[in-house]
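What follows is one structure encoded as structure tokens, with my remarks underneath.
The analysis underlying the following values was restricted to heavy atoms, covering all of them including side chains, and did not include hydrogens, waters or symmetry mates. Numbers restart at 1 for each chain; the letters A, B, ... are given by sequence-line order, proteins then strands.
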2 protein chains.
Amino acid sequence: MSRQLPQPSRDSINLVTLLAALADPVRLTLMQAMYSRTGPVDCSVIAEGVEVGAPTVSHHYRVLREAGLTTTTVEGRRRVVTIRYEDLDVRFPGLLTAVLTPTANI
Amino acid sequence: MSRQLPQPSRDSINLVTLLAALADPVRLTLMQAMYSRTGPVDCSVIAEGVEVGAPTVSHHYRVLREAGLTTTTVEGRRRVVTIRYEDLDVRFPGLLTAVLTPTANI
DNA sequence: CCGATGCTTTGACACCCATCGAACTTACCC
DNA sequence: GGGTAAGTTCGATGGGTGTCAAAGCATCGG
């Protein structure tokens, strides 16, 4: 039994909000960590290597989700976070690739 | 006789800084206005339709330039602003297109 | 030389935001 | 049920930022 946390519909994803969500070192690190993995991963696993406390990580996951970048599902006491590849590719083609390719982060 | 205002080198353009520069409605509007034109244009011309005062516009142009998105040259008492297409395409391929295509702004 | 023009700088103000500690909620396990 | 574990929420705090009014600085035209 798993429920999904509220997130904006594909068409209501705002570009400025999306860019603001990506324009933070911690959130960009989280997104790149998700991007380099295949399939959904526990958010605690992704958050390794990020040097901020648990409340702050939780805050950043919320910002990413509310911006339309990720989907969060509750499974037991864990949260599984996935990137909304399809929606984002329809809405802003090429954006994710341009932002999250490893070479972009030097 | 025209001089160029200081701007970061191509390799020192930072992705987070660049995204933060784009994550503002006024600056994104300015960038999209430049993107839809061919060749350099006076910044005063571009700034039409933006509903903020002159000092604020000046501030936003500075942020864009210091983030590495634009080049500003001084010509007399005017400033001519151009997007750094080549540098940005080398550094973050596809990003400009993804962010500035008109369809992305709905 | 003098006024007007185009843009910038400075200072001030209000607001937003990233971060943390503490407390809370929910779920798993013995 | 009791304890632990994973996340969230709540305040509070400090720093950053968008905005404007006023003043400043070159530059062009007469």
For A/Arg79, side-chain contact (heavy atoms from CB on, under 4.5 Å) partners two or more places apart: A/Cys43, A/Thr72, A/Val74
Partner set under side-chain contact (heavy atoms from CB on, under 4.5 Å) for B/Thr17, not counting sequence neighbours: B/Asn14, B/Ala67
Please give, in whole Å, the distance from [N] [atom2] to [X] [atom1]?
X	N	atom1	atom2	result
B/Leu5	C/dT9	CG	C1'	14 Å
B/Glu51	D/dG18	CD	C1'	15 Å
B/Leu22	D/dT17	CG	P	15 Å
A/Leu19	C/dC17	CG	P	14 Å
B/Arg3	D/dT27	CZ	C1'	12 Å

Residues from residues 54-66 of chain A lying under 4.0 Å of DNA chain C - heavy atoms: A/Pro55, A/Thr56, A/His59, A/His60
Minimum heavy-atom distance between A/Val99 and B/Leu15, given as atom pair plus value: O-CD2, 3.4 Å
Path from A/Leu96 to A/Val16 over hydrophobic side-chain contacts below 4.5 Å: yes
Polar pair under 3.5 Å, donor/acceptor by atom type, side chain B/Arg77, base C/dT5: yes
Closest nucleotide among [options] to the [X] side chain:
X	options	value
A/Arg27	C/dA18, D/dT19, C/dT19	C/dA18
B/Asp24	D/dA6, C/dC7, D/dG18	D/dG18
B/Val52	C/dC20, D/dG18, D/dC20	D/dC20

Heavy-atom side-chain contact between A/Asp87 and A/Thr71 under 4.5 Å: no
Candidate list B/Leu88, B/Leu18, B/Leu100, test side-chain contact (heavy atoms from CB on, under 4.5 Å), partner B/Leu95, passing option: B/Leu18
